[in-house]
A.B. asks: 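Pasting in a structure now, in structure tokens, and then I'll have a few things to ask.
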Amino acid sequence: MSRIVYVLNGPNLNLLGKRQPAIYGYETLADVENDCRRVGQELDLEIEFHQSNAEYQIIDWIHEARERAGGIVINPAAFTHTSVAILGALNACEFPIIEVHISNVHKRESFRHHSYVSLAASGVIAGFGTQGYQLALHRLARLISEAKA
Ligand code: DHK
């Protein structure tokens, strides 16, 4: 199985570090990307890291990943709670998908308690801050190696 992993980030995550730091912390998306690249190297994963505020762009990256990747880590941000279209794109993938939320969505407003994306995810990480991305990569590396064995 391919060791390419797409790490996809949804709307407003470009403002990470500046937006509601009490909820999302002070680390920027560039910090998260650096962490993912470092951990990716340790785990022998090739990281494709992207962020967009546009739903169609995230869907296009999922379609691209479908052709060449071994897994996806996705923080769909607000699209988590609204996007049947992103769920449809993820359902078209045959590799493992890990859903990440920086905040503990279950401790927040009730509209954040439902995720369309979870229907396609092998696992969900929420409330571990930006460290959640690193945990997700560790889990994906395990799932990719198991699929190979
Ligand atoms: C990020 C967002 O922007 C919210 O819309 C989600 C998620 C939670 C996060 O915790 O990373 O509800």
Side-chain angles (χ1 to χ4, degrees), residues 3-43 45-66 68-144:
R3 296 195 72 82
I4 299 171
V5 169
Y6 276 58
V7 182
L8 300 178
N9 295 278
N12 301 310
L13 289 170
N14 53 311
L15 297 179
L16 201 59
K18 296 175 210 143
R19 169 179 78 129
Q20 297 182 279
I23 294 175
Y24 299 109
Y26 287 94
E27 265 205 299
T28 66
L29 197 63
D31 294 329
V32 174
E33 179 171 357
N34 286 337
D35 288 344
C36 286
R37 292 197 185 286
R38 180 178 43 76
V39 172
Q41 252 180 6
E42 288 166 14
L43 297 170
L45 299 174
E46 188 184 320
I47 304 296
E48 285 270 1
F49 193 96
H50 298 292
Q51 185 275 332
S52 180
N53 296 322
E55 191 174 19
Y56 83 89
Q57 178 62 82
I58 292 169
I59 292 166
D60 283 352
W61 283 324
I62 294 168
H63 292 177
E64 198 179 285
R66 184 176 173 274
R68 56 189 297 263
I72 290 179
V73 172
I74 184 165
N75 181 349
F79 291 148
T80 306
H81 320 296
T82 62
S83 184
V84 175
I86 289 177
L87 170 63
L90 292 171
N91 275 337
C93 299
E94 283 173 4
F95 46 56
I97 293 156
I98 311 286
E99 176 182 349
V100 171
H101 303 289
I102 296 165
S103 64
N104 179 359
V105 283
H106 301 290
K107 211 176 155 188
R108 300 180 64 193
E109 302 97 320
S110 58
F111 67 82
R112 294 183 206 276
H113 299 175
H114 177 261
S115 165
Y116 285 101
V117 169
S118 292
L119 291 167
S122 309
V124 182
I125 293 172
F128 287 79
T130 53
Q131 193 190 356
Y133 289 81
Q134 299 173 41
L135 301 174
L137 287 173
H138 275 276
R139 179 65 184 156
L140 257 192
R142 167 80 72 95
L143 291 173
I144 289 171

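Every heavy atom of this structure was used, including side-chain atoms; hydrogens, water molecules and symmetry mates were not. Numbering of ligands and ligand atoms starts at 1, following listing order.
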A.B. asks: Where's the contact between R112 and ligand 1, heavy-atom distance under 4.0 Å: side chain, backbone, both or neither?
C.D. replies: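 The side chain, only.
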A.B. asks: For the side-chain hydrogen bond (donor to acceptor under 3.5 Å, both in side chains) test, which of E46, E64, H50 pairs with Y6?
C.D. replies: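 Output: one option passes, namely E64.
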A.B. asks: Closest heavy-atom contact between Q51 and P11?
C.D. replies: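 Taking every non-hydrogen atom into account, NE2-CA, 4.2 Å.
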A.B. asks: I'd like to know whether ligand 1 has N75 as a neighbour, heavy-atom separation below 4.0 Å.
C.D. replies: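 Yes, N75 has a heavy atom closer than 4.0 Å to ligand 1.
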A.B. asks: Can you find an N or O of V105 that's nearer than 3.5 Å to an N or O of ligand 1?
C.D. replies: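 Looking only at distances, the answer is no, because the N/O contact criterion of under 3.5 Å is not met.
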A.B. asks: For atom 9 (C) of ligand 1, state which one of I102, L15, L16, N9 supplies the nearest heavy atom.
C.D. replies: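 It is I102 that holds the nearest heavy atom.
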A.B. asks: Quick one: does R139's side chain have a donor or acceptor within less than 3.5 Å of a partner on G123's backbone?
C.D. replies: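 No, R139 side chain to G123 backbone: no donor-acceptor pair under 3.5 Å.
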A.B. asks: Output the list of atoms in ligand 1 that are nearer than 4.0 Å to some heavy atom of R19, sorted by atom number.
C.D. replies: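 What qualifies from ligand 1 is 2 (C), 3 (O).
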A.B. asks: Begin with the C-alpha distance, continue with both residues' side-chain angles, and end with the deciding distance and a verdict on side chain to side chain donor-acceptor pair (under 3.5 Å) for E55 and S83.
C.D. replies: CA-CA 8 Å; E55 191 174 19; S83 184; 2.5 Å; yes
A.B. asks: Any idea which protein heavy atom is nearest atom 10 (O) of ligand 1, and the distance to it?
C.D. replies: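 Result for atom 10 (O) of ligand 1: S103 OG, 2.6 Å.
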A.B. asks: Would you mind listing which atoms of ligand 1 come within a distance below 4.0 Å of any non-hydrogen atom of H81?
C.D. replies: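 This gives 6 (C), 12 (O) as the contact atoms.
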A.B. asks: Is N12 near ligand 1, meaning one of its heavy atoms is under 4.0 Å from it?
C.D. replies: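 Flag not set, N12 not near ligand 1.
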A.B. asks: Starting from atom 2 (C) of ligand 1, locate the nearest protein heavy atom and write down its residue, its atom name and how far away it is, to 0.1 Å.
C.D. replies: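 Protein heavy atom at minimum distance: Y24 OH, 3.3 Å.
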A.B. asks: So, using salt bridge (charged side-chain N to carboxylate O under 4.0 Å, His left out) as the criterion, who are the partners of E27 when residues are at least two apart?
C.D. replies: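 For E27 there are no salt bridge (charged side-chain N to carboxylate O under 4.0 Å, His left out) partners, ignoring immediate neighbours.
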A.B. asks: Give me the atom names and distance for the closest heavy-atom approach of I144 to G71.
C.D. replies: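 Reported closest heavy-atom pair: CD1-N, 4.5 Å.
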A.B. asks: Can you see which heavy atom on N53 is nearest to which on N12, and at what distance?
C.D. replies: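 Nearest pair, atom of N53 first, then N12: OD1-N, 2.9 Å.
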